[in-house]
Amino acid sequence: MSQNSQQEHVSQKKVVYSIHGMTDVRVLHDLPYVESEAGAQTMDVYYPPGSQGSGARTPAVVFVTGYSDAGAQMILGCKFKEMQSYISWGRLTAASGLVAIIYTNREPASDLQALLEHLRRNAARLCIDENRIGVWACSGNVPLTLSALMRESNDFLKCAALCYGLMLDLGGATHVAEAARRWGFVNPCSGKSVIDLPPGLPLFIVRAGRDETPHLNETIDSFMCEALAHNLPVTLVNHPAAPHAFDLFDESETSGEIIRQILSFMRFHLLPIPG
């Protein structure tokens, strides 16, 4: 199989887990969130079944991309928000009772911040709870996500799920920086450490035990040591038999259970507790 055909296949891979209600999710496509001379950047918004017309503001999960879509289109043949993996994660999230936001970008760091600010400004129109937003990221998208969590102005970000991701360069390591140069994702966390994260922010971290990405699990291991040393509210799930992108390539009961745990974690930290 050629490299291109493999990459096209990856873009068509769905998450290996499904729940009731995914087909009933309402999706608004290509809503602009930032305008520029180079054109608009857009988002797809996935709403829970039955939420249309209710007027209620629902917490949201933003699926962060740390690569530019221009690069993604060259490699994968489509934008991130057009990949079946992101589409199925969006439907899973919405079917779980949360709004999912998946977006395009040109400049990953500045466009992510513009998106978050747009969601906050337009929360009423979008029926989103602007004070209860979570983030999800995987692989090379994690460093940008960590940098967004470190911004003091982003205190409305209430939790994060980080799957098989490159984390931080700690203790003099350069693994994340080298991977960013090799694969083209942004790394705004250069020089940052665990103590730059909000101390009360819940993190759900998934480690794929058979991840073949060089030094990726080393960055997770060192991050966890530092996070525990500073008593941060972290949850680590180690999937010992899993490869990178286990949610797409490991159709097992364990993978399904971990995906269910991620959704449950988001619901627990974002949905208001019934009074």
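When reading the values below, keep in mind they use all heavy atoms of this one structure, side chains included, and skip hydrogens, waters and symmetry mates. All of these numbers come straight from a predicted model, not from anything done at the bench.
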Might you work through the side-chain contact (heavy atoms from CB on, under 4.5 Å) test for Leu112 and Tyr103, ending with a clear yes or no? CA-CA 9 Å; Leu112 172 59; Tyr103 63 100; 3.7 Å; yes

So Tyr164 and Asp247, side-chain contact (heavy atoms from CB on, under 4.5 Å) or not? Walk me through it. CA-CA 10 Å; Tyr164 47 88; Asp247 52 329; 2.6 Å; yes

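- Between Val16 and Ser255, the shortest heavy-atom contact is CG2-CB, 4.2 Å.
- Residues satisfying the side chain to side chain contact (heavy atoms under 4.5 Å, CB included) criterion with Val234, sequence neighbours excluded, are Leu203, Met224, Ala227, Leu228, Leu232.
- Salt-bridge check for Glu257 with Arg260: passed, with a basic side-chain N closer than 4.0 Å to an acidic carboxylate O.
- Residue Ile133 holds its CD1 atom at 11.5 Å from CG of Leu98, rounded to the nearest 0.5 Å.
- Put simply, CZ on Arg181 and CG on Asn187 are 9.0 Å apart, with the number rounded to the nearest 0.5 Å.
- The CE atom of Met167 sits 12.0 Å away from the CD atom of Glu226 when rounded to the nearest 0.5 Å.
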Which pairs of donor and acceptor atoms, one on a side chain in residues 115-124, lie under 3.5 Å apart (sequence neighbours left out)?
from, atom 1, to, atom 2, distance (Å)
His118, ND1, Asn122, ND2, 3.2
Arg120, NH1, Glu130, O, 2.7
Arg120, NH1, Asn131, OD1, 3.0
Asn122, OD1, Arg125, NH2, 3.3
Asn122, ND2, His118, O, 2.9

Show, in sequence, the C-alpha distance, side-chain angles and deciding distance for Cys163 and Ile262, and conclude whether the side-chain contact (heavy atoms from CB on, under 4.5 Å) test is met. CA-CA 9 Å; Cys163 300; Ile262 292 169; 3.7 Å; yes

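- In this structure, the side chains of Ile258 and Phe246 come closer than 4.5 Å at one or more pairs of heavy atoms.
- Residue Ile259 holds its CD1 atom at 13.5 Å from OG of Ser264, rounded to the nearest 0.5 Å.
- No side-chain donor-acceptor contact under 3.5 Å links Arg210 to the backbone of Pro243.
- Put simply, the side chain of Asp211 reaches to within 4.5 Å of the side chain of Asn217, judged on heavy atoms.
- Between atom CD1 of residue Ile19 and atom CG of residue Leu263 there is a gap of 6.0 Å, rounded to the nearest 0.5 Å.
- Between Leu170 and Ser193, the shortest heavy-atom distance links the atoms CD2-CA, 4.0 Å.
- Looking at Trp136, Tyr17, Phe80 one by one, the single match for ring-ring contact (aromatic ring centres under 6.0 Å, His included) with Trp89 turns out to be Trp136.
- Note on Lys81 versus Asp69: no salt bridge recorded, every NZ/NE/NH1/NH2 to OD/OE distance being 4.0 Å or above.
- Phe204 pairs by the ring-ring contact (aromatic ring centres under 6.0 Å, His included) definition with Phe265, not counting sequence neighbours.
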Enumerate donor-acceptor pairs with a distance under 3.5 Å from any side-chain N or O in residues 144-152 to protein atoms, sequence neighbours excluded.
from, atom 1, to, atom 2, distance (Å)
Thr145, OG1, Asn141, O, 3.0
Ser147, OG, Leu144, O, 2.7
Arg151, NE, Gln113, OE1, 3.4

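- A continuous path of Ile, Leu, Val, Met, Phe, Trp and Tyr side chains, each step under 4.5 Å between heavy atoms, connects Val27 with Leu92, placing both in one hydrophobic cluster.
- With sequence neighbours left out, Thr104 forms a side chain to side chain donor-acceptor pair (under 3.5 Å) with Gln41.
- In Glu253, the CD atom is not crowded: 12 or fewer heavy atoms of neighbouring residues, nucleotides or ligands sit closer than 6.0 Å.
- Taking 4.5 Å as the limit, every side-chain heavy atom of Tyr33 sits out of range of all side-chain heavy atoms of Val45.
- Within the 4.5 Å cutoff, side-chain heavy atoms of Gln84 are placed close to those of Gln12.
- Of the residues listed (Val64, Val61, Ile128, Val135), the one engaging Ile101 in a side chain to side chain contact (heavy atoms under 4.5 Å, CB included) is Ile128, and it is the only one.
- Proximity of Met43 to Leu126: side-chain heavy atoms (C-beta onward) are separated by under 4.5 Å at one or more points.
- Rounding to the nearest 0.5 Å places CZ of Arg91 at 7.5 Å from CE of Met22.
- The two residues Pro49 and Ala94 have their closest heavy-atom pair at CD-O, 3.7 Å.
- A donor and an acceptor atom, one from each side chain of Ser96 and Thr93, are nowhere located under 3.5 Å apart.
- Minimum heavy-atom separation, Cys189 to Pro143: SG-O, 3.2 Å.
- Counted by atom type alone, Asp44 and Tyr86 present zero donor-acceptor pairs between their side chains at under 3.5 Å.
- Residues meeting the side chain to side chain donor-acceptor pair (under 3.5 Å) test with Tyr46, sequence neighbours left out: none.
- Between Lys13 and Leu248, the shortest heavy-atom contact is CE-O, 3.1 Å.
- Following chains of ILVMFWY side-chain contacts shorter than 4.5 Å, one can reach Val206 starting from Phe249, so the two form part of one hydrophobic cluster.
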Would you sort out whether Glu107 and Ser68 count as a side-chain contact (heavy atoms from CB on, under 4.5 Å), showing the intermediate values? CA-CA 6 Å; Glu107 299 292 339; Ser68 87; over 6 Å; no

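- Proximity of Arg106 to Val34: side-chain heavy atoms (C-beta onward) are nowhere separated by under 4.5 Å.
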CA sep, side-chain torsions, deciding dist, call: Lys192, Asp169, salt bridge (charged side-chain N to carboxylate O under 4.0 Å, His left out): CA-CA 8 Å; Lys192 298 291 187 178; Asp169 279 329; over 6 Å; no

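- At least one side-chain heavy atom of Ser139 sits less than 4.5 Å from a side-chain heavy atom of His244.
- Contact record, Ser222 with Thr219: OG-O, 3.2 Å, taken as the closest heavy-atom pair.
- Here the side chains of Thr58 and Cys127 are not in contact, with every heavy-atom distance at 4.5 Å or above.
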